Amino acid sequence: MASEKIYLALGFLAFLWAELGTQNTTEEPQCRLMAKFNLSGYVDAKNHSLVIAGLFPIHSRTIPVDESILEPVSPMCEGFYFRGFRWMKTMIHTIKEINERNDILPNHTLGYQIFDSCYSITKAMESALVFLTGQEEYQPNFRNSTGSILAGIVGSGGSSLSVAASRIFGLYYMPQVGYTSSSSILSDKFQFPSYLRTIPSDKIQSEAMVNLIQHFGWVWVGTIAADDEYGKYGVKAFKEKMEIIKLCIAFSETIPKVYSNEKMQKAVKAVMNSTARVIVLFTSDIDLSPFVLEMVHHNITDRTWIASEAWITSALIAKPEYFPYFGGTIGFAIPRTVIPGLKEFLYDVHPSKDPNDVLTIEFWQTAFNCTWPNSSVPYNVDHRVNMTGKEDRLYDMSDQLCTGEEKLEDLKNTYLDVSQLRITNNVRQAVYAMAYALDRLSKCEEGYGPYKPNKSCAYIPTFEFWQLMYYMKEIKFKTHDDKWLALDENGDVARGHYDILNWQLDDNGEVSFVTVGKFKFKGSKHELIIPRDSPLFWNTKSSKLPYSVCTDECSPGTRKGIRQGQPICCFDCIPCADGYVSEKPGQRECDPCGEDDWSNAQKNKCVPKEVEFLAYEEALGFTLVILSILGALVVLAVIVVYVIHRHTPLVKANDRELSFLIQMSLLTTVLSSLLFIGKPLNWSCMARQVTLALGFCLCLSSILGKTISLFFAYRISISKTRLISMHPVIRKLIVLVCVLGEIGACSAYLVLEPPRMFKNIEPQNVKIIFECNEGSIEFLCSIFGFDVLLALLCFLTTFVARQLPDNYYEGKCITFAMLVFFIVWISFVPAYLSTKGKFKVAVEIFAILASSYGLLGCIFLPKCFIILLRPKRNTDETVGGRVPTVDRSIQLTSASVSSELNNTTVSTVLDE
C-alpha cells in the first residue's frame, strides 16, 4: 500500500506539471515520461463521435513490484476475475445495443475505451490519467488517440478505486457513473462533484442490515470490514444506526487489502473468542477470499454471516466446500434481471478472433486450464504472500495446449452465469444513463436550453463536462425490465429495493441463492419484508434461528445492571428491590408498585398488600370480642341484681343512682372496646375514643361523688361533730358538670381535628396497617387527662376515708379499685408504645377491659355477694346501725352505712 501511495503521488504531480505545461504558449520542449503505463483493455473509438470510458476489475490484484527499483514502475496484473470480465463485456454489449437503436442518439454513435483496473488504486489512477490525456502520457486533452470526444466514465469497480479516480475526474467535472461502488462517502458532492451511480448507497444497505437484525431479535453482532472506503464507511454507517436503536457491536475488525498474517489472525481470533453468533461482513469477494480460507483452516462453524451486496452472490465464495462454514448466510443483493441478448454475446468470445487480445487469451487459458499455442500470456499466477509470510511464485500453467475446440457450454464459472445478473445490470444502466443524458443534450433547441443567460444549448462535440452533468443529475429513464431509474441530488439511486438472499444447498449439492424477502426504499422511507413462510436455512447445530446475545435477557423480576466499560448489551441481572417489579423481560429499571400494592416473591408482579387490622374473624379479635360481651353480660347481671334489690338497704346505701350510673358507664366502656375491633372507618375512629372517654368520665365522676361522701363521713368521724350532710343533688351536679365538660372537649375534638382512618405503611412495607390517625394529640390528651384527674381525685378522697371503722370500708374497696385502674393504665403506656399494628389495638382493648373488670369487681362484686349469698346481712340494722362486736361474722364487706364510735351511734351522711 505504501508503494501504491508513493506511485500515485508521483503520477499526480506529473499530471499537474503537464497540465501547467499546456498553458505555456511557447513551443518549448516539454518534459515527458520515457515509460508508458502497462494497461490492458479494449478500445473502439474510430468512426465514433463520442467515447465512453470504462474501468473494470478484470484482474483481482497487481503483482508486487521489486522494491529495489527506485523509479516508478507500472505493475503487472494477475488473478483473472471472471465476474469483472463479464461486467466489461456487458458494457460493450450495451454500447452496441444503443448504437443500433434509433431513439437514442440517432445522429451519433458511441465508442468505448476500457481499461483493466486490476482492483487496484494504482491501475485506476493510471487509467484515469490516460482517459484525460488521450494517450498514455501526461497531457490532458480529453480525447483518445483517435481524436474522439470523451463523454464520461463508467467505473471504477470497487469504492476505493472510484474514490481515487473520482478525485481526478472531479477536478474537471467529468461525469463518472459507478455501478458497484456503494460507499457512502461518494455521496459527498463537495469531494466528488461529478460522481453518480446506479447502485444504492451503503447508507441504505446499513439501514437494511440493522432492520434485518432487529427483525430476528439479534442484539450482539460482530463486524468485519475490508480495509478500504467500502468496508470502513459501510461499517461506520452500520455502527451509527445500531447505536441509535441500542444494539451492540461485539467486535469490529478489518481484513487487510495486502495480506498481513498478524491482522488476519486478529480478525480470526475475534470471531473465535466472541460470543456473537451473527457477524456482518462488509467487504468484496476478492478481499474476503483469504478470510474464508482462514475460517476453513480453523474450522469455525456455527456462525451466521450477514453479507453485503458485494459478495452475497459471488461464485468465488459461494462454493459447496465452503458451505459448512458459510451456509445459511443471509444478505442483500441488487435485484436480479434478465438482459436480452447478453448470454449470446458472452458466448461469442474466442482467442482466434484477435491474436492480440491478451485478455481473451488469458480468459480462455484460465477457464480451460490450457495454454494457447504460441502465447506468452501467463495465467493462474499467484505472487501473493502466503500465511507463513513468504512470497509464493506459483505458476500453475498446464502443459496441455488449447485446441480452440473447447466448448464454453461445458464451463461452470461466473462469466457465463447469467442467472444472477445483478451488478451486471448496474453496468448496463450506467451506460444507458450516460447515453440518455447525451441524447437529451443533443436534442436541445436553442432558446429553450437550460443554460443562462439566453437559455442556450450545448452541442456535440463542443460541449463541456459541466454541461453534460446538468443532464446527468436530472436523469430518469425506464429500464428494459419496466423499472424506473432516478437519481437524487447526491447522485444516488432514489428508489428501489434489495433482494434478501439466503444461502442454501440445492438438490445437486450446489449453493443456491434463495430469495426470502425484500427491503424497499424510497427516499427516507423504507420497509423490510420477510414473509413468515420464507424457507430460511440457518447453519446452526439446531438448525433454528441463531441466538446472539452478550448476556441472556433478564427475566421478569430482575433489571439490567450496567457493567462498567462494556457495551449496554452486556449487563448483570439484578433482582428488583422490595416493592419494585419488572413485569416484562429485559427491563432496565424496576417499576415501583402502587401505594396499596407490593411485589410478590418473584418480583414480577404487584399484588395487593396484606391488609392488617384487628379483625373479628381472627383468634385474637374473636377472644377480645368474647371478653367484651362477657363483661357486658356481667355488668348487665349486676344491673339486674341491683334493679331487683333496689329497695334493699345495701343498694340504697351511698346513693343508689350513682351506683346505676357507674354500672351504665362500665357497660359503655366494655362495649366501646368492640369499636376498636374490625376494619377502621372514619366514623368508628371518631366514635371509639370519644365513647371510651365519656364512659370513663361518667364512671369516675360518679365514683368521685361517692368518695366525696366517704370523705365527709371520715371528717365527721374524726371531728366528733355533726356536719351538714351533703345533699344528693350536689353529688349528681358533680357528675353532670364533669360529664358536660368532657362532652364539650370531645365535641371540640371532633369538630376541629377529628380522628380519621389511616393507612400506615411505615412499620412494614409489605403490609398496610389500617389504623386510626387520632388527629390532634393535644385534644386526645386533654379528654383522657381529665379522666386521669378524676381518677386521681377519687383515689385521694377515698384513700383518706379508708380509716373508717371495719364495718364501714367501702372506701377501701374504691381505693383498691383505683389502684387497679392506675396499675392497668400505667402498664398500658409502655406496652402500647412498643407494639405496632393490630397488637397495638389489642393492648388498648385489653387495658379497657382490664380496668373495667377491675372497677366492676372491686366495687360491686362484694355487694352482689351479700345481696345474693348473704341476704341476712342486707338489713337496716346491719347497714345503718350498730353491730355487736361479739358477732364478727356479721361484719360488712362493703357499703357499710353506719358505725358505732364510742358507743355513740353516728348517722351516716349518706342519704337514700
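Only a predicted model underlies this, so the values are computations on that prediction, with no experimental measurement involved.
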(request) May I have all residue pairs that pass disulfide bond (SG atoms under 2.5 Å apart) and include part of residues 333-366, sequence neighbours excluded? (result)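 The answer is none; no pair qualifies.
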Validation row: [X], [Y] side chains within 4.5 angstrom (heavy atoms):
X	Y	value
I339	N425	yes
M434	L110	no
P461	S49	no
F282	S206	yes
S40	F115	no
W87	I58	no
T515	L501	yes
K520	R495	no

Could you tell me whether [X] and [Y] have a side-chain N and a carboxylate O separated by less than 4.0 Å?
X	Y	result
D116	K123	no
K518	D499	no
K96	E100	no
K443	D439	yes

(message) Determine whether the aromatic ring centres of residues F85 and F363 are separated by less than 6.0 angstrom.
(response)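 Yes, ring centres under 6.0 Å apart.
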(message) Between F80 and F82, is the ring centroid distance below 6.0 Å?
(response)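 Centroid separation for F80 and F82: below 6.0 Å.
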Side chains of [X] and [Y]: do they bring a donor and an acceptor to under 3.5 Å?
X	Y	answer
E446	Y459	yes
S284	D287	yes
T424	Y179	no
S314	D285	yes
S456	N454	no
E527	H497	no

(message) Can you list everything that forms a ring-ring contact (aromatic ring centres under 6.0 Å, His included) with F519? Sequence neighbours excluded, please.
(response)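 F519 satisfies ring-ring contact (aromatic ring centres under 6.0 Å, His included) with H526 only.
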(message) Test of understanding: with ring-ring contact (aromatic ring centres under 6.0 Å, His included), list the residues that count as partners of Y436, not counting sequence neighbours.
(response)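 Checked Y436 against ring-ring contact (aromatic ring centres under 6.0 Å, His included); matches are Y432, F477.
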(message) I'd like to know whether Y230 forms a side-chain hydrogen bond (donor to acceptor under 3.5 Å, both in side chains) with S308, so could you lay out the CA-CA distance, the side-chain angles of the two residues, the decisive distance to 0.1 Å, and finally the verdict.
(response) CA-CA 10 Å; Y230 174 68; S308 62; 2.8 Å; yes
(message) Out of the candidates Q429, H480, R428, Q420, only one should pair with T337 under the side-chain hydrogen bond (donor to acceptor under 3.5 Å, both in side chains) rule; please name it.
(response)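 When Q429, H480, R428, Q420 are each tested with T337, the side-chain hydrogen bond (donor to acceptor under 3.5 Å, both in side chains) holds only for H480.
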(message) Set out, in order, the CA-CA distance, both residues' side-chain angles and the distance that settles salt bridge (charged side-chain N to carboxylate O under 4.0 Å, His left out) for E207 and K203, then state yes or no.
(response) CA-CA 6 Å; E207 188 74 49; K203 286 185 177 180; over 6 Å; no
(request) Step by step, work out the side-chain hydrogen bond (donor to acceptor under 3.5 Å, both in side chains) result for E126 and S74. (result) CA-CA 8 Å; E126 289 179 0; S74 181; 3.0 Å; yes
(request) Ignoring hydrogens and angles, tell me if any N or O in the side chain of S194 forms a donor-acceptor pair with the backbone of Y173 under 3.5 Å. (result)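 Between the backbone of Y173 and the side chain of S194 there is no qualifying donor-acceptor contact (under 3.5 Å).
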(message) Could you check whether any side-chain N or O of Q205 sits under 3.5 Å from a backbone N or O of E309, counting only pairs where one atom can act as donor and the other as acceptor?
(response)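 Judged by distance alone, yes, a pair lies under 3.5 Å.
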(request) Under the side-chain contact (heavy atoms from CB on, under 4.5 Å) rule, what do V280 and V235 come out as? Steps first, then yes or no, please. (result) CA-CA 9 Å; V280 173; V235 167; 5.7 Å; no
(request) Walk me through it: do S181 and Y195 pass the test side-chain contact (heavy atoms from CB on, under 4.5 Å)? (result) CA-CA 10 Å; S181 303; Y195 186 84; 3.1 Å; yes
(message) Cation-pi check for Y42 against K89: NZ or CZ below 6.0 Å from the six-membered ring centre and within 45 degrees of the axis, yes or no?
(response)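 Ring-cation test returns yes.
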Closest approach of [X] to [Y] (non-hydrogen atoms, all atoms of both residues):
X	Y	result
Y119	S60	CB-O, 3.6 Å
S156	Q176	OG-NE2, 3.5 Å
L468	A151	CD2-O, 3.4 Å
V154	F56	CG1-CZ, 4.3 Å
L528	N211	CD2-O, 3.4 Å
P335	K483	CB-NZ, 4.1 Å

So how far is it from [X] [atom1] to [Y] [atom2], rounded to the nearest 0.5 Å?
X	Y	atom1	atom2	result
I52	I95	CD1	CD1	5.0 Å
T283	I255	OG1	CD1	4.5 Å
I114	D44	CD1	CG	9.5 Å
I204	F332	CD1	CZ	12.0 Å
N99	E97	CG	CD	10.0 Å

(request) Take D492 and S187, measure what side-chain hydrogen bond (donor to acceptor under 3.5 Å, both in side chains) needs, and give me the verdict at the end. (result) CA-CA 7 Å; D492 298 328; S187 299; 2.6 Å; yes
(message) Using side-chain hydrogen bond (donor to acceptor under 3.5 Å, both in side chains), reason through D202 and S182 one step at a time and then give a plain yes or no.
(response) CA-CA 5 Å; D202 281 338; S182 57; 2.7 Å; yes
Could you check whether atom [atom1] of [X] has more than 12 heavy atoms from other residues, nucleotides or ligands sitting under 6.0 Å from it?
X	atom1	answer
E445	CD	no
K241	NZ	yes
K522	NZ	no
N47	CG	no
Y415	OH	yes

(request) I would like to know whether H59 and L359 meet side-chain contact (heavy atoms from CB on, under 4.5 Å); could you show each step before the answer? (result) CA-CA 10 Å; H59 290 87; L359 292 178; 3.7 Å; yes
(request) Please step through side-chain contact (heavy atoms from CB on, under 4.5 Å) for the pair K257 and D228, ending with a clear verdict. (result) CA-CA 8 Å; K257 297 284 288 185; D228 58 12; 3.2 Å; yes
